Amino acid sequence: MGPFQSDFLRILNERGYLHQITDETSLDANAHSQVMSGYIGFDATADSLHVGNLVQIMLLRRFQQAGHRPIVLMGGGTTKVGDPSGRDETRQLLTEQQINANIAAIRQTFARFLDFNDGPTGAVMVNNDDWLKDLQYIAFLRDVGRHFTINRMLTMDSVRLRLEREQPLTFLEFNYMIMQGYDFVELFKRYACTLQMGGSDQWGNIVQGVELGRRKAEAQLFGLTSPLITTSSGAKMGKTASGAVWLSAHRLSPYDYWQFWRNTEDADVGRFLRMFTDLPLSEISRLEQLKDADINVAKQVLATAATRLCHGDAQAELAAITATRAFGGAAAEGLPTFILKAGEPVQVIDVAIALGMASSKSEARRLVEQGGVRLNDQPVRGPNASISEADLDGAGTARLTVGKKRHGLIRRG
RNA sequence: GGAGGGGUACCCAAGCGGCCAACGGGGGCAGACUGUAAAUCUGCUGGCUUAUGCCUUCGUAGGUUCGAAUCCUACCCCCUCCA
């Protein structure tokens, strides 16, 4: 692809965000000559986004950096219906209050990545419930449904694959692409939004929106997708011991977020630096050259830069310092901390649970038995070992470690 | 509406009266090796006052039996084919 004259596409291309574009040349020209508005849709099913959403968030960020206006579309309306995919028991439907609370919480995260000012390139957050909730079925079919042919929809990958594998596809799901196409046209009308971005799995839906725009609004709309991000080992990004890698601090501490990036596989470091940090490309290519143990430096840079974007400078610095100390064998601020009351020894097992290192006594006991737990770098002998003031150092702290990566602090109360 | 098939732990998937807290994968955790990497090997992977112990779990509720994930009854949900 390329070369591009617009800053926007050039940057996306250099940093590895491009997968497909509907009309590369025209989009490039538009992005070069005018301030565009572009959007990406997000779920409102949880009160926090996770790393899996990060590429999309970064796309909007790049878009704004390149002098355009990013629109965050929250799927409040579609969330109300509930995503029927997956065969688990019917997902509980969220109430409007829950959805609105989720949207408010998610907005906090976006405020880190985007600038919601009142200027021409200020970010905007909208909820598709605003227009979906009042839709009339008949009117919708007549105005929008007529522009979609079943023939075409059946050829879309998302539909075809399901049918080929003889997996169920509900009518509701089948309608998702129509709703999404409608969103695009609605955003065009309300915000002169002419670009929809998304992950590569959204390509079909995005294209439908582009086509609907042409037929219904006689507008040229654009679609752009980013590649699906997996780790070099092929795993989907964003899973850790404790579940999803959340972007909200109340779900995952900045320290743990930093750790997530610090543990990036060697082969992914360059790619992640380009996509998930604002570091200049020259700096990145230098870091990328590092080999063997030296590449750990690059991982630290990645972790701090990525955490900075999501949680701010102060939290990122703190996480970096905490990590250096903790892994260097010292007790450190910022780790989960257990307060030891004077004269009350506590079982190691209970402390491990309190620090979130084990979810049950059985698990904690197992960890100890397998030699996975250390107190001040000394292996904990038996499952009945306890911690008392004698274990604290001069500063009144002790360190509990599980495995190689998880550290906790014990402090005099 | 009719006829079949199915619901098992985080996921997939065995088991089809006792030896089942439940084979085997995957994932995850821990150990070894390392660089807080990858790959590889080993162990663990329901809970409890660690116990040749107890409790809870095989869609839900009952029942048969000394004993059930396994048999019976009803109900709920899913899938396939026919109408």
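Everything numeric here is computed off the predicted structure, so don't read it as measured data. Below, chains carry the letters A, B, ... as their sequence lines are ordered, and counting in each starts from 1.
- Nucleotide B:rA14 forms no Watson-Crick or G-U wobble pair with any nucleotide shown, as no partner meets the under 3.5 Å limit on both distances.
- In terms of modelled atom types and a separation under 3.5 Å, the side chain of A:N127 and the main chain of A:D130 share no donor-acceptor contact.
- A salt bridge is absent between A:E369 and A:R365: the closest approach of a Lys/Arg side-chain nitrogen to an acidic carboxylate oxygen does not fall below 4.0 angstrom.
- For the pair A:R406 CZ and B:rC29 P, the computed distance is 7 Å after rounding to whole Å.
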When you compare the protein's N or O atoms with those of nucleotides 24-27 of chain B, which come within less than 3.5 Å of each other, and at what distance?
none

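- The side-chain contact (heavy atoms from CB on, under 4.5 Å) search around A:T121 returns A:V35, not counting sequence neighbours.
- If you take atom P in B:rA30 and the same atom in B:rG24, they sit 22 Å apart, rounded to whole Å.
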| request: Summarise protein proximity over nucleotides 53-58 of chain B in one line of letters, 5' to 3': B for base, S for sugar-phosphate only, - for none, counting protein heavy atoms closer than 4.0 Å. | output: ------

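- Figure legend. B:rG1 is base-paired to B:rC82; pairs are counted as Watson-Crick or G-U wobble with both atom distances under 3.5 Å.
- Screening residues 389-413 of chain A for ring-ring contact (aromatic ring centres under 6.0 Å, His included) gives A:F327-A:H407 as the qualifying pairs, with residues at least two apart or on separate chains.
- Listed by chain and residue number, A:S362, A:E363 satisfy the side-chain contact (heavy atoms from CB on, under 4.5 Å) test with A:R366 (two or more places apart in sequence, or in another chain).
- When the P atom is compared between B:rA14 and B:rC66, the two are found 33 Å apart, to the nearest whole Å.
- Considering only residues two or more places apart in sequence or on other chains, A:S226 meets the side chain to side chain donor-acceptor pair (under 3.5 Å) condition with A:Q56.
- In this structure, A:R107 is positioned above the aromatic face of A:F116, its NZ or CZ under 6.0 Å from the six-membered ring centre and within 45° of the axis.
- In this structure A:D115 satisfies the salt bridge (Lys or Arg N to Asp or Glu O under 4.0 Å) test with no other residue, sequence neighbours excluded.
- Ion pairing between A:D7 and A:R10 holds under the 4.0 Å rule for side-chain N and carboxylate O.
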| Going 5' to 3' along nucleotides 33-38 of chain B, which nucleotides have protein heavy atoms under 4.0 Å from the base (write B), which only from the sugar-phosphate (write S), and which from neither (write -)? | BBBBBS

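- Per the geometry, CD1 belonging to A:I349 stands 15 Å off C1' belonging to B:rA30, to the nearest Å.
- Using P as the reference atom, B:rU64 and B:rG47 are 33 Å apart when rounded to the nearest Å.
- Checking A:R152, A:H147, A:K216 one by one against A:E211, the side-chain hydrogen bond (donor to acceptor under 3.5 Å, both in side chains) holds for a single residue, A:R152.
- Under the rule for a ring-ring contact (aromatic ring centres under 6.0 Å, His included), the partners of A:F42 that lie at least two apart in sequence or sit in another chain are A:F110.
- Only the P atoms considered, B:rU60 is 27 Å distant from B:rG53, to the nearest whole Å.
- Separation of the P atoms belonging to B:rC41 and B:rU49 is 36 Å when rounded to the nearest angstrom.
- Pairing of B:rA9, defined by two Watson-Crick or G-U wobble distances under 3.5 Å, is not identified with any nucleotide.
- A distance of about 15 Å separates the P atoms of B:rG63 and B:rA69, rounded to the whole Å.
- Annotation: ring-ring contact (aromatic ring centres under 6.0 Å, His included) contacts of A:Y39 (sequence neighbours excluded): A:F184.
- Rounded to a whole angstrom, the distance from the P atom of B:rG46 to that of B:rC20 is 15 Å.
- Residues satisfying the side-chain contact (heavy atoms from CB on, under 4.5 Å) criterion with A:L135, sequence neighbours excluded, are A:L132, A:F140, A:Y182.
- Of the C1' atoms belonging to B:rG17 and B:rG28, the separation is 34 Å, rounded to the nearest Å.
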| query | Reading nucleotides 43-52 of chain B 5' to 3', which nucleotides get B (base under 4.0 Å from a protein heavy atom), which S (sugar-phosphate only), which -? | reply | BSS-SBSB--

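- B:rA38 is unpaired under the Watson-Crick or G-U wobble criterion, no partner having all donor-acceptor distances under 3.5 Å.
- Looking at A:D47 and A:N102, their side chains never bring a donor and an acceptor atom within 3.5 Å of each other.
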